[in-house]
Amino acid sequence: MKLFLDTANLDEIREANRWGVLRGVTTNPSLVVKEHAQFLTLEKEICSIVDGPVSIETAANDLDTLVAQGREIAAIADNAVVKIACTPDGLGATKKLTSEGIKVNMTLVFSAAQAILAAEAGAYIVSPFLGRLDDIATDSLQVLGEICEIYDAQGYETEVLAASIRHPMHVVHAARLGADIATMPFKVFQSLVKHPLTDRGFEKFMSDWREAKPNLGELPSSMQEA
Ligand code: G3P
């Protein structure tokens, strides 16, 4: 399962990129507004940092405007993906943009029925929102599982992206259910690597090493200072 960041913050994207496991970024209007930056400059910079798809959201809900916005968003960079909400006009715009070779991430998906529509419209990615379903006492993992099962049964090529992730177990469950991608806030991304036994084990290895180092003879040059 590919790991994406759900952010428009450049520092977070640069830091996650350093780990070597970042495969893409998703942004939305709320995340972009938080950065108080110029929209185009910011999205271009994100696209240039990330080696993978960067979803950039449209801001309209009529078919013609969505198609016009989609074409301009796709022109921002080769890795730009157009994010469109799952509405009747959004589906029509997805079909049109897809026929022009433009990649669409169908967002604000909350049911398997909507995910079937997204795939039929030719979306490159479908984004079911886990956290927001949990917030209204609906089992988000059941919905995600249904989508993965239906996509397998039907042979849909649309990639399933688990969105609205709130904690590391959402990521683990999404992987078990067969999601292709999970997008998450930076704090969840950081929490994936954290384990107290890793920290404790590392400290112990290092203290044993420092204590014994004078008696270990010749060391590789890069280990002499450690
Ligand atoms: O970008 C879409 C989605 O991941 C938003 O998540 O936390 O605002 O529900 P959230």
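All values below come from the heavy atoms of this structure, side chains included, with hydrogens, waters and symmetry mates left out.
- Inter-residue side-chain proximity for N9 and F186 is flagged as unmet; no heavy-atom pair is nearer than 4.5 Å.
- Connection of V188 to L161 is not established within any shared hydrophobic cluster, with ILVMFWY side chains joined at heavy-atom distances below 4.5 Å, either directly or through further cluster members.
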Just distance, no hydrogens or angles: give the donor-acceptor pairs under 3.5 Å from side chains in residues 194-203, sequence neighbours left out.
unit_1, atom_1, unit_2, atom_2, d
H195, ND1, L197, N, 3.1

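- Here the closest non-hydrogen pair linking A112 and E146 is CB-OE1, 3.6 Å.
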Review item, side-chain donor-acceptor pairs of residues 213-220, under 3.5 Å, at least two apart:
unit_1, atom_1, unit_2, atom_2, d
K213, NZ, Q224, O, 2.5
K213, NZ, A226, O, 2.8

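- Looking only at distances, no side-chain donor or acceptor of D6 sits under 3.5 Å from a matching main-chain atom of M184.
- Under the 4.5 Å side-chain heavy-atom criterion for grouping Ile, Leu, Val, Met, Phe, Trp and Tyr, F4 is not connected to L177 through any hydrophobic cluster.
- Taking each heavy atom of I165 and A182 in turn, the nearest pair found is CD1-CB, 3.7 Å.
- Counting heavy atoms from C-beta outward, V109 and C86 have side chains that approach closer than 4.5 Å.
- Nearest heavy-atom pair, K83 versus S55, reported as atom, atom and distance to 0.1 Å: CD-CB, 3.9 Å.
- Of all heavy-atom pairs spanning H170 and S140, the tightest one is NE2-OG, 4.2 Å.
- V171 and V21 fall within a single hydrophobic cluster, where Ile, Leu, Val, Met, Phe, Trp and Tyr side chains are chained together by heavy-atom contacts under 4.5 Å.
- The distance from atom CG of N61 to atom CG of D89, rounded to the nearest 0.5 Å, is 5.5 Å.
- Applying the side chain to side chain donor-acceptor pair (under 3.5 Å) test between T26 and each of T7, T183, T107 identifies T183 as the sole match.
- No more than 12 heavy atoms of other residues, nucleotides or ligands lie within 6.0 Å of CD in Q38, so this atom counts as exposed by the packing criterion.
- Of the possible polar contacts, one joining the T98 side chain to the T94 backbone as a donor-acceptor pair under 3.5 Å is found.
- Residue pairs satisfying the salt bridge (charged side-chain N to carboxylate O under 4.0 Å, His left out) criterion with at least one member in residues 159-188, sequence neighbours excluded, are listed as follows: K2-E159, D135-R166.
- With contacts defined as side-chain heavy-atom distances shorter than 4.5 Å, the pair R71/V67 qualifies.
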Pair N17-I49, side chain to side chain contact (heavy atoms under 4.5 Å, CB included): steps then yes or no = CA-CA 8 Å; N17 216 19; I49 296 171; 3.5 Å; yes
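- In this view, E149 satisfies the side chain to side chain contact (heavy atoms under 4.5 Å, CB included) rule with no residue, not counting sequence neighbours.
- Judged purely by atom type and a 3.5 angstrom limit, E45 has no side-chain atom pairing as donor or acceptor with the backbone of L10.
- Under a hydrophobic-cluster definition in which Ile, Leu, Val, Met, Phe, Trp and Tyr are linked whenever side-chain heavy atoms come within less than 4.5 Å, directly or via other members, I73 and V54 are assigned to the same cluster.
- Contact annotation: the side chain of F110 never approaches that of V143 to less than 4.5 Å [non-hydrogen atoms, C-beta and beyond].
- Between M1 and R23, every side-chain heavy-atom pair lies at or beyond the 4.5 Å cut-off.
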key: Steps toward side chain to side chain contact (heavy atoms under 4.5 Å, CB included) verdict (E57, V82)   = CA-CA 6 Å; E57 193 146 347; V82 180; over 6 Å; no
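- Using a 4.5 Å heavy-atom cutoff, the side chains of V81 and I56 are not in contact.
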Using distance only, find each side-chain donor-acceptor pair of residues 118-132 under 3.5 Å and give its atom names and separation, not counting sequence neighbours.
unit_1, atom_1, unit_2, atom_2, d
E120, OE2, Y156, OH, 2.6
S127, OG, N105, OD1, 2.7
S127, OG, N105, ND2, 3.4

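- The closest side-chain heavy-atom distance from Q69 to T65 is below 4.5 Å.
- Contact record, V25 with L22: CG2-CD2, 4.3 Å, taken as the closest heavy-atom pair.
- With sequence neighbours left out, W209 forms a ring pair (Phe, Tyr, Trp, His ring centres under 6.0 Å) with no residue at all.
- Note that the CD1 atom of I13 and the CZ atom of R18 stand 15.0 Å from one another [nearest 0.5 Å].
- In the hydrophobic cluster analysis, where Ile, Leu, Val, Met, Phe, Trp and Tyr join through side-chain heavy atoms closer than 4.5 angstrom, V172 is grouped apart from I181.
- By the 4.5 Å heavy-atom criterion applied to side chains, M106 and I84 are counted as neighbours.
- The two residues L192 and P168 come nearest to each other via the heavy atoms CD2-CB, 3.9 Å.
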